[in-house]
Number of protein chains: 2
Amino acid sequence: MTLTPTKLSKSEKTRQAILEAAQTLFYEKGYDGASVRQIAEAVPIDPAMIMRYFGSKEGLFSAAALVDLRLPDLGSIPRDLAGKGLVRHFLMLWEGDRSGIGLPILLRSAVSNQNVADKIHEVFEEQVVPAISGLVPEGEEDSCAGLIVSQLFGLALCRYILRLSPVAEMTEQEIVERIGAVIQFHLDAARDTAGSNRP
Amino acid sequence: MTLTPTKLSKSEKTRQAILEAAQTLFYEKGYDGASVRQIAEAVPIDPAMIMRYFGSKEGLFSAAALVDLRLPDLGSIPRDLAGKGLVRHFLMLWEGDRSGIGLPILLRSAVSNQNVADKIHEVFEEQVVPAISGLVPEGEEDSCAGLIVSQLFGLALCRYILRLSPVAEMTEQEIVERIGAVIQFHLDAARDTAGSNRP
């Protein structure tokens with residue numbers, strides 16, 4: 001979990017322990033449902049220490065829900081494999097190591113908290129739209145990225161949050177095939193729309 | 001709003017007023033965020049009256065979040081129009097009159113409350129799967145309905161809850177075209193999967 005296990009100072013270890021407890025509780029209970037006191041009890045540590053390290057509950061949340069989607073360079077894979085590639089990457093963010101936990105934390109809390117929803121908008125503008133922009137014509141990036149995200153967030157909602165059985169029980173390969181084809185469709189439709197409807 | 005405005009008894013009017021206040025507050029704040037006291041203040045009425053009419057907060061929520069998807073008879077429209085038809089119907093549930101408000105209420109609260117998530121599973125099993133079953137081969141209904149719901153819930157999440165701008169700002173017609181094609185794709189893929197992979 002820690003990148004340099006032998007080199008961490010005591011203070012850095014404490015910061016890391018607070019962050020991991022916060023990630024677990026924010027993931028389980030959402031931003032509004034998890035209190036600083038509960039997070040402190042889980043470490044365990046005095047709540048005042050959390051404030052010393054992170055300033056406020058919002059500062060702690062921002063650190064715990066830091067999202068780096070680490071999107072692959074989509075220009076480096078054949079265009080018609082981009083859909084499946086994106087889905088495989090998305091599954092890895094949710095099912096892989098803890099480093100991808102920021103997105104689940106954000107998504108779960110964004111439904112009931114406008115500040116958190118705003119953070120999702122930022123991640124969308126700063127990470128998703130630029131990653132898509134190499135694959136679709138100029139002017140189509142935003143709507144195409146929006147449609148792709150609508151399918152991927154819906155997948156996350158059904159598979160990981162609601163745990164709707166047919167979607168939760170499909171194998172990774174089935175998801176990559178079926179949802180990958182949809183993402184590919186959105187990419188292709190963006191190209192066709194630009195070709196046929198625009199001046 | 002009321003089906004027989006001239007015939008409602010005083011008690012029925014009270015029940016209706018409580019229900020509408022509850023729907024508004026459960027929609028805005030979710031099941032956990034809205035209290036019986038707040039709902040009573042919005043009517044306004046004594047909180048004890050709410051208990052008399054609905055028994056408990058859970059009973060009130062069940063009545064407020066009653067979901068009748070009123071899914072159209074998909075067998076009566078040409079099969080290749082079913083995707084667009086489903087999307088049009090789904091938009092109407094969210095954007096139309098108040099009668100479709102149960103689904104938004106459920107979806108918003110399901111993310112943080114397991115009992116509410118269970119209600120979504122019921123609606124899925126009892127209303128969505130049967131509606132899809134006429135359109136895809138036996139054995140494919142569940143996974144196909146699950147994939148369709150993953151796209152439709154993701155659409156609702158981005159368009160109405162997160163209000164992600166490219167998805168929130170698309171016209172109804174654009175959504176029907178682009179998402180309708182995806183739903184149609186899921187229906188067709190279910191038929192093809194059954195044809196090619198199954199014994």
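Everything numeric in this text was worked out from a predicted model, so none of it was measured. Lettering follows sequence order; numbering is per chain, from 1.
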Would you say that B:His121 contacts A:Ser165 through its side chain, given a criterion of any heavy-atom pair below 4.5 Å between the two side chains?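 Side chain of B:His121 against side chain of A:Ser165, heavy atoms only: no contact under 4.5 Å found.
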
Non-hydrogen side-chain atoms of B:Phe124 and A:Leu162 separated by less than 4.5 Å: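 No, every pair of side-chain atoms sits at 4.5 Å or beyond.
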
Between atom CD of B:Gln151 and atom CG of A:Leu147, what is the distance when rounded to the nearest 0.5 Å?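 That separation rounds to 7.5 Å.
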
Output the distance between atom CG (A:Leu157) and atom CD1 (B:Ile161), rounded to the nearest 0.5 Å.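 So the gap between those two atoms works out to 8.0 Å.
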
Nearest heavy atoms of A:Gly146 and B:Pro166, plus distance in Å: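 It is CA-CG, 4.3 Å.
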
Measuring heavy-atom distances to chain B, does A:Val167 have an atom under 4.5 Å in its side chain, in its backbone, in both, or in neither?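 Looking at A:Val167, just its side chain touches chain B.
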
Please state whether the side chain, the backbone, both or neither of A:Ile179 comes within less than 4.5 Å of a heavy atom of chain B.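 Interface part for A:Ile179: side chain.
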
Pick whichever of B:His186, B:Arg178, B:Arg108 has the most heavy-atom pairs under 4.5 Å with chain A.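 Among B:His186, B:Arg178, B:Arg108, the one with the most close pairs to chain A is B:Arg178.
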
Heavy atoms only, distances under 4.5 angstrom: which of B:Val149, B:Val111, B:Asp118 has the most pairs with chain A? Name it, please.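 Going by pairs under 4.5 Å, I would pick B:Val111.
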
Taking atom NZ of A:Lys29 as the centre, report whether more than 12 heavy atoms of other residues, nucleotides or ligands fall under 6.0 Å from it.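 Open.
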
Say whether [X] and [Y] are linked into one hydrophobic cluster, either directly or through other cluster members, by side-chain heavy-atom distances under 4.5 angstrom.
X: B:Tyr27; Y: B:Leu19; result: yes
X: B:Val129; Y: B:Leu69; result: yes
X: B:Leu103; Y: B:Leu71; result: yes
X: A:Phe90; Y: B:Val182; result: no
X: A:Leu81; Y: A:Leu187; result: no

Among the options A:Cys144, A:Ser143, A:Ala156, pick out the one with the most heavy-atom pairs lying under 4.5 Å from chain B.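 Option with the greatest count: A:Ser143.
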
